[in-house]
Amino acid sequence: MSTNKGHTPARDFIRQIVKADVESGRYDGRVVTRFPPEPNGYLHVGHVKAISLNFGIAEEFGGRYHLRFDDTNPESEDEEYVLSMQEDIRWLGFDWGEHLYFASDYFGQLYHFAEVLIKKGLAYVDSQSGVEIRESRGTVTEPGVDSPYRMRSTEENLDLFRRMRACEFEDGAHVLRGKIDMASPNMLMRDPVLYRIRHAHHYRQGDEWCIYPLYDFAHCLEDAIEGVTHSLCSIEFTNNREIYDWVLESVGFEEPRPHQYEFARLEIQNAVLSKRSILPLVEAGAVSGWDDPRLSTLRGFRRRGVPPEALRNFVGMVGIARTESTIDVAKLDFAIRDVLNDSAPRVMAVLDPLKIVLSNYVEGPGEVLEAPYYPHDVPLQGSRGVPFARELYIERADFAENPPKGFRRLVPGGEVRLRYAYVIRCEEVVKDAEGKIVELRCSYDAETRGGDTPDGRKVKGTVQWVSAQHALDAEVRLYERLFLDGASQAEQDEPVDLLARVNPKSITVIEGAKIEPSVADDPDDTRYQFERTGYFWRDPVDGSVERLVFNRIVPLKDSWGRKTAKSAPASPESVSSSTVMPVVAEMPTSSGGVKGPIRERPAVSEQRAAARTADPSLAARFERYSTELGLSIEHADLLSASHATGDFFEAALQAHAEPSEVAAWMVTDLRGLRGDRALAGLPFGGEALGALAALVAGGRVSRRAAKDVLARMVEQGGDPSDLVAEMGLEQVDDHEALQSVISQVLEAWPDKVDDYRAGKKNLIGLFVGEVMKATRGAADPNAVRGLLTTSLEE
RNA sequence: UGGCCCGUCGUCUAAUGGCAGGACACCGGUCUUUGGCACCGGCGGUGAUGGUUCGAAUCCAUCCGGGCCAACCA
């Protein structure tokens, strides 16, 4: 059993399942997961979720995780992807150690399992053509028809399959199919193809094989071979679970065997992830390659400079559920900034330089000022010298001749602080013939060296700067979202259209940026914060020591920019940050909003009504239930759905002749408890249910407690009366006894009592619940409620 | 249209019959030599309708909405 027992927080439904399995010893406490990509493309954010789920769970529960390449299709797979995926996963921070596997290594075993199926009469060789197979499969509403080859003898099937393996046939001449059910409502169960003939060269197996297994056959067996316990995949495979189980059981894998659980894929607002969508962009040159920093591929993130830790944190923030969802990119940006804020040294760079001349500062080489790499709130040490001289650059946007309200930067005649340097005052604005500002003449206050004001005067603004003669030239690349609105929609409809939706501002190349010289001495992979601008690092492909090229990883939050953009007449073009949300289309009023005449709610379902039309005796039951027994139409409908249901109900009535009570038990409580199980498969009959209802009516057990009894009955049967005694659920309605429990509860929750008395009346639920808990469900909730209300009113 | 899956703040996600909570976003404030960070506060949600229950986001039913499945892909 895992040493982690009880200490692992079950953050999501999958971890809850794993935790329960570990605690119950289902797999002797083992946890084995796997990440099973097909090596046919590059990894993207979506994969990060799957990787960190699978690998994270194994780590948390002290299990092991496998990296398995699901390379069963020779036509789409390649060694290059095998290598790049490993590199990307290592970069992300996961190490699978010795647990690297290839599905193609199992081809021999898989072949053997196929023969097992044939020998059991559960698989056959079909010699129909591809189109015939497709056409005979039927549709979602019509059943398929059996193949004429379905009844071949085991010997013939075996012979044919062995000859398929021996490459005696052309592509498509035969396939191996599971013999399941051509009328199954699940299309995947309509005799699925298990093996096909493909004379293709496999990148690992060469020409050893000319038959290849298909996903539904291979994947579950790969899991079983490796001893995987929890096979996690995305929800589009939900329908495949039935065949996953069928194959494993048919081949002979017994419990504890692997089981499949599905979770929702990760989608990000405005990001396209599929190979199908990205390939055309690469081919058309709309992006520079699979590692384009605007792409959500792992290679793209890596080149942009995103720290792998940020990606791991991001998927952790997103959570695991079964609801299809699209995450706001702002969450990703947050995760990236959050990591970088605590780790990136700050340096100064000016992207759009405006020259300033300090008329009262001496000409010459100037001086070197000490500037810390980190602000006071980042617990890291370090500083560098920054050269300061008479001629400097500041950001053009940090000066305004006619400042908007609230502008805290340089204005004519105004002061601003140069970060870690001096306070300066703008004395004169120099313009060219067109009226464009080319230079500012300023004075500096020698008393403010370092940026402090000894006289105590307040300087609102602080701006970054670089010395003109010392600054390094750099190219800076700013990235914004790759697509204009509606891209994700387009991805589904017409992938080609994506080209037309590329955001022309998705990349902005700034050639003439100026950066402080200290960066020349730093390691190539240093991630910086350019003060007040954003996080950057050197582009690992195009940058070099001679030619500085920086990628913006993510901009800083900019609440001033947001404010001004809002008040400005603002064309939509003026947005400049990747955090800007795409305009969300007006959602059509949800169906819930009642508009127009309220539709009459149908009380009976069409299906059940039809069943009664076909069977008059059912119709008679419905009639009797709704009139003679006085049931509601809804209950009468449900209970006359089939004879099994009606019989059960009537048997219950024998033990407790209160139709509406028994009906309620049957259609709500029992229905919810038994799930998919048929009434006939229950370990008790109608009489027992009736007996239970009678116990409640007689006051022996509370209805709440009775539901727990019923749950036990569903699991293992038993006599209601005995169970009540055994489970200690005899109803406690002795007021004195209850009152003492109530007092304890109220003492334990003084704050809540105050809140209740202050008007938060729904806390009554909490109190009743606590009393019920304290009595292990035996208290009479009605009495409790009454007593509680009285106590609380005092 | 048959089967299966899913509907909780703008976006993700908790609550497993008992206080609808958290994160991001947004708004306001405090702090600040980054209009960053941090901190404080605010906004805002159980798709609808019935039923069961002392009590329903949770169980049942109907409706509405979304997704997946008819490759010899995975």
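From a predicted model like this one, the values you see are computed outputs, not experimental measurements.
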Open item on the list: If you compare every side-chain N and O of A/R562 against the phosphate oxygens of B/C27 (OP1, OP2), does one of them come in below 4.0 Å?
Closed with: yes
Task: Residue list, side chain to side chain contact (heavy atoms under 4.5 Å, CB included) with A/E242, at least two apart or on another chain - done: A/N186, A/M189
Open item on the list: For a quick test of reading the model: is some side-chain N or O of A/S325 closer than 4.0 Å to OP1 or OP2 of B/U13?
Closed with: yes
Task: Pair A/E267, A/T326: side-chain N/O donor-acceptor within cut-off below 3.5 Å - done: no
- [ ] Give a yes/no answer on whether the side chain of A/R346 brings an N or O atom under 4.0 Å of OP1 or OP2 in B/C37.
- [x] no
TODO: Could you tell me which residues satisfy disulfide (SG to SG under 2.5 Å) with A/C210, sequence neighbours excluded, listed by chain and number?
DONE: A/C167
Task: Gap between atom CZ of A/F169 and atom CE of A/M164 - 0.5 Å precision - done: 8.0 Å
- [ ] Tell me which nucleotide among B/G35, B/C5, B/C60 gets nearest to the side chain of A/R671.
- [x] B/C60
Task: A/F237, nearest nucleotide to its side chain (from B/G67, B/G3, B/A74) - done: B/A74
TODO: Scan A/G144 against the nucleic acid and name what it touches under 4.0 Å (heavy atoms): base, sugar-phosphate only, or nothing.
DONE: nothing
Task: Side-chain N,O (A/T533) to OP1/OP2 (B/U34) below 4.0 Å - done: no
- [ ] Could you tell me which residues satisfy side chain to side chain contact (heavy atoms under 4.5 Å, CB included) with A/M772, sequence neighbours excluded, listed by chain and number?
- [x] A/R704, A/V768, A/A779, A/P781
Task: Closest-nucleotide ordering on RNA chain B, the 5'-leading residue of A/Y535 and A/W665 - done: A/Y535
Open item on the list: Please pick, from B/C54, B/A38, B/C12, the nucleotide with the shortest atom-to-atom distance to any side-chain atom of A/D338.
Closed with: B/A38
- [ ] Scan A/D171 against the nucleic acid and name what it touches under 4.0 Å (heavy atoms): base, sugar-phosphate only, or nothing.
- [x] nothing
- [ ] For A/N240, answer base if it contacts any base atom (sugar-phosphate contacts may also be present), sugar-phosphate if it contacts only those atoms, and nothing otherwise; contact means non-hydrogen atoms under 4.0 Å.
- [x] base
Open item on the list: Tell me which pairs pass side-chain hydrogen bond (donor to acceptor under 3.5 Å, both in side chains) where either residue lies in residues 767-785 of chain A, with sequence neighbours left out.
Closed with: A/E770-A/K773
Open item on the list: If the cut-off is 4.0 Å, is A/R134 near the phosphate of B/A70, judged by side-chain N/O to OP1 or OP2?
Closed with: no
TODO: Report the residues that fulfil ring-ring contact (aromatic ring centres under 6.0 Å, His included) with A/H219, sequence neighbours left out, ordered by chain and then residue number.
DONE: A/Y215
TODO: Starting at NZ of A/K557, measure out to CG of A/D333 and round the result to the nearest 0.5 Å.
DONE: 11.0 Å
Open item on the list: At less than 3.5 Å, do the side-chain atoms of A/N239 and the base atoms of B/C68 form a donor-acceptor pair?
Closed with: yes
TODO: Using a 4.0 Å heavy-atom cut-off across all strands, classify A/R419 as base, sugar-phosphate, or nothing.
DONE: base
Open item on the list: Check the phosphate of B/C12 against A/T323, side-chain N and O only, distance under 4.0 Å to OP1 or OP2. Yes or no?
Closed with: no
- [ ] Classify the nucleic acid contact of A/S234 as base, sugar-phosphate or nothing, counting any heavy atom under 4.0 Å across all strands shown.
- [x] nothing
Task: Options B/A56, B/U34, B/G2, nucleotide nearest the side-chain atoms of A/L556 - done: B/U34
Open item on the list: Can you build the contact string for nucleotides 18-24 of chain B? Use B for base contact, S for sugar-phosphate-only contact, and - for no protein heavy atom under 4.0 Å.
Closed with: BBS--BS
TODO: Kindly confirm whether the side-chain ring of A/W560 is stacked on the base of B/G35, judged by centres under 5.5 Å and planes under 30°.
DONE: yes
Open item on the list: By nearest atom, which of the nucleotides B/C72, B/C69, B/A61 is closest to the A/R608 side chain?
Closed with: B/A61
Task: Nearest-nucleotide pick for A/T141, side chain only, options being B/U1, B/G35, B/C4 - done: B/U1
TODO: Name the nucleic acid region contacted by A/Q529, choosing base, sugar-phosphate or nothing; use a 4.0 angstrom heavy-atom cut-off, strictly under.
DONE: base
Open item on the list: Between A/R137 and B/C72, is there a contact of a side-chain N or O with OP1 or OP2 at under 4.0 Å?
Closed with: yes
Open item on the list: What is the distance, to the nearest angstrom, from the NZ atom on A/K707 to the C1' atom on B/C54?
Closed with: 14 Å
Open item on the list: At 4.0 Å (heavy atoms only), tell me whether A/Q128 reaches a base, stays on the sugar-phosphate, or touches nothing.
Closed with: base
Task: Centroid separation A/Y535 to A/Y528 less than 6.0 Å - done: no
Open item on the list: Does A/E236 reach a base, just sugar-phosphate, or nothing at all? Heavy atoms under 4.0 Å.
Closed with: sugar-phosphate
Open item on the list: Test: side-chain hydrogen bond (donor to acceptor under 3.5 Å, both in side chains). Region: residues 314-324 of chain A. Which pairs qualify, not counting sequence neighbours?
Closed with: A/E262-A/R322
Task: Residues that A/D126 engages under salt bridge (charged side-chain N to carboxylate O under 4.0 Å, His left out), provided they are two or more places apart - done: A/R177
- [ ] Go ahead and write out RNA chain B as dot-bracket, 5' to 3': ( ) for pairs within the strand, [ ] for ones crossing earlier pairs, | when the partner sits on another strand, dots for unpaired; Watson-Crick or G-U wobble, both distances under 3.5 Å.
- [x] .((((((..((((....[..)))).(((((.......)))))....(((((..]....))))))))))).....
